[in-house]
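Working notes for the structure below.
Since the model is a prediction, treat every value here as computed from it, not as a measurement. Computed from heavy atoms alone, side chains included, the values below leave out hydrogens, waters and symmetry copies. In listed order, ligands and their atoms are each counted from 1.
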Amino acid sequence: MSASVSQTAGKITTHVLQRMKLNHEKIAMLTAYDYSMAKLVEQAGIEVILVGDSAANVMAGFKTTLPITLDQMIYHATSVAKAVEKPLVVVDMPFGTYQGNSKEALHSAIRIMKESGADAIKLEGGREIVESIDRILTAGIPVMGHLGLTPQSINKFGTYVVRAQEEEEAARLKEDALLLEKTGCFAIVLEKIPAQLAADVTHSLHIPTIGIGAGHETDGQVLVLHDMLGITQEFSPRYLRRYLNLSEEITRAVHRYMEDVKSVNFPNEKEQY
Ligand code: KIV
């Protein structure tokens, strides 16, 4: 294998991700929604930061991703874009800002790019949103696709179970992936689909795929930061690997602080003026 593309590159661009796929170098993507976390994630060397509409769940406490607004996504994206230099910053277009109206889609995408300073946007769906993707691309805005389990359609699916297990849905997903590539998407997220299907799609495309619950053959992986750090506790799908149990650590630290306050152990003489 030749030298690491991402380590030798400066700013990670869509072209760098393309070269990483050609070089068989896996792409690491994580979500972030605020300045401080984004800085830490960049420090660790992540290639892509997704300002996901999962902010609706982990930052705002909604049950689905549907309620988050364009203004709220722009607020999160601005905080993240200010914090980082090297990673590619991709922003989710929220529910209702691009479906069924390509002119509104372009307007929403331009607002995200102009006001936040992010690098690219992500949309959920296949053939039904191709007109919107096409229009956004005409403005020079890079678009990441998202197929499989698309959480903005949860009310249609009715459940968060694995998608495309039946032949008909799998065939449709394969066609949609090829269509998104042909339309000009620079990468596609594949969420919660059988690993073999994700592998087939990955091998059929020139652009990178980024998986979440889609096995190891995708060109990269993405997780929600709060899930992999163990901040969220109630969400435990099979694909989620927790790298920390931060909820326990934080609770312990808050307890210790409370004890110190109540026992007048904090602040001590060195911690006052
Ligand atoms: O919103 C999000 O965090 C996402 C990832 C799960 C891919 O779309």
Side-chain angles (χ1 to χ4, degrees), residues 17 26-34 37-38 41 46-70 72-77 79-80 87-99 108-109 112 116 118-126 129 133 142-154 157 160-164 173 177 180 185-193 198 201-202 207-215 218-229 231-232 235-243:
L17 299 185
K26 295 284 188 184
I27 299 164
M29 170 160 129
L30 277 176
T31 66
Y33 318 98
D34 65 62
M37 285 290 196
V41 167
I46 207 83
E47 282 112 14
V48 186
I49 295 183
L50 173 66
V51 184
D53 59 357
S54 48
N57 310 122
V58 299
M59 301 300 286
F62 289 111
K63 282 203 160 39
T64 73
T65 57
L66 274 66
I68 200 159
T69 66
L70 186 58
Q72 288 164 340
M73 286 305 296
I74 290 172
Y75 165 77
H76 288 297
S79 312
V80 169
L88 185 82
V89 177
V90 183
V91 183
D92 260 335
M93 290 189 63
F95 175 68
T97 62
Y98 60 94
Q99 297 95 336
S108 312
I112 291 174
S116 75
D119 304 308
I121 52 108
K122 174 165 86 58
L123 281 76
E124 295 182 6
I129 56 154
I133 294 176
V143 177
M144 178 180 269
H146 185 154
L147 296 171
L149 178 66
T150 46
Q152 291 178 11
S153 302
I154 186 58
F157 296 150
Y160 287 99
V161 294
V162 181
R163 302 303 312 174
L173 188 146
L180 292 187
C185 287
F186 70 87
I188 302 176
V189 167
L190 297 175
E191 180 163 352
K192 219 169 176 186
I193 62 172
V201 170
T202 299
I207 58 172
T209 58
I210 313 281
I212 174 164
T218 50
D219 299 302
Q221 298 291 331
V222 58
L223 284 176
V224 168
L225 186 66
H226 290 58
D227 295 337
M228 60 83 77
L229 292 180
I231 297 174
T232 50
F235 182 66
S236 281
R238 182 200 294 197
Y239 67 75
L240 175 59
R241 187 177 295 178
R242 292 193 203 282
Y243 287 83

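Looking only at protein heavy atoms, the nearest one to atom 7 (C) of ligand 1 is Leu50 CD2, 3.8 Å. Looking only at protein heavy atoms, the nearest one to atom 6 (C) of ligand 1 is Ile212 CD1, 3.7 Å. Remark: minimum distance from atom 8 (O) of ligand 1 to any protein heavy atom is reached at Lys122 NZ, 3.0 Å.
Residues meeting the ring pair (Phe, Tyr, Trp, His ring centres under 6.0 Å) test with Tyr98, sequence neighbours left out: none. Partners of Ala38 according to the side chain to side chain contact (heavy atoms under 4.5 Å, CB included) rule, which considers only residues two or more places apart in sequence or in another chain, are Ala32, Ile49, Val80, Ala83, Val84.
With hydrogens and angles ignored, the 3.5 Å screen pairs a side-chain donor or acceptor of Gln152 with a backbone N or O of Met93. For the pair Asp219 (side chain) and Lys26 (backbone), a donor-acceptor distance under 3.5 Å is absent.
A heavy-atom separation below 4.0 Å is found between His146 and ligand 1.
For ligand 1, the atoms closer than 4.0 angstrom to any heavy atom of Thr31 are 3 (O). Close contacts of ligand 1 with Gly52, meaning ligand atoms under 4.0 Å from a residue heavy atom, involve 1 (O), 2 (C), 3 (O). Remark: ligand 1 atoms within the under-4.0 Å shell around heavy atoms of Val224 are 3 (O).
Among the atoms of Ser54, some N or O lies under 3.5 angstrom from an N or O of ligand 1.
The side chain of Asp92, and not its backbone, has at least one atom closer than 4.0 Å to an atom of ligand 1 (non-hydrogen atoms only; side chain from C-beta on). In Asp53, the parts holding a heavy atom less than 4.0 Å from any atom of ligand 1 are both the side chain and the backbone.
The residue from Thr232, Leu50, Ile231, Leu30 that alone fulfils the side-chain contact (heavy atoms from CB on, under 4.5 Å) condition with Leu225 is Leu30. If you run side-chain contact (heavy atoms from CB on, under 4.5 Å) between Met144 and each of Val91, Ile133, Val189, only Val189 comes through.
Here Phe235 and His226 keep their ring centres 6.0 angstrom or further from each other.
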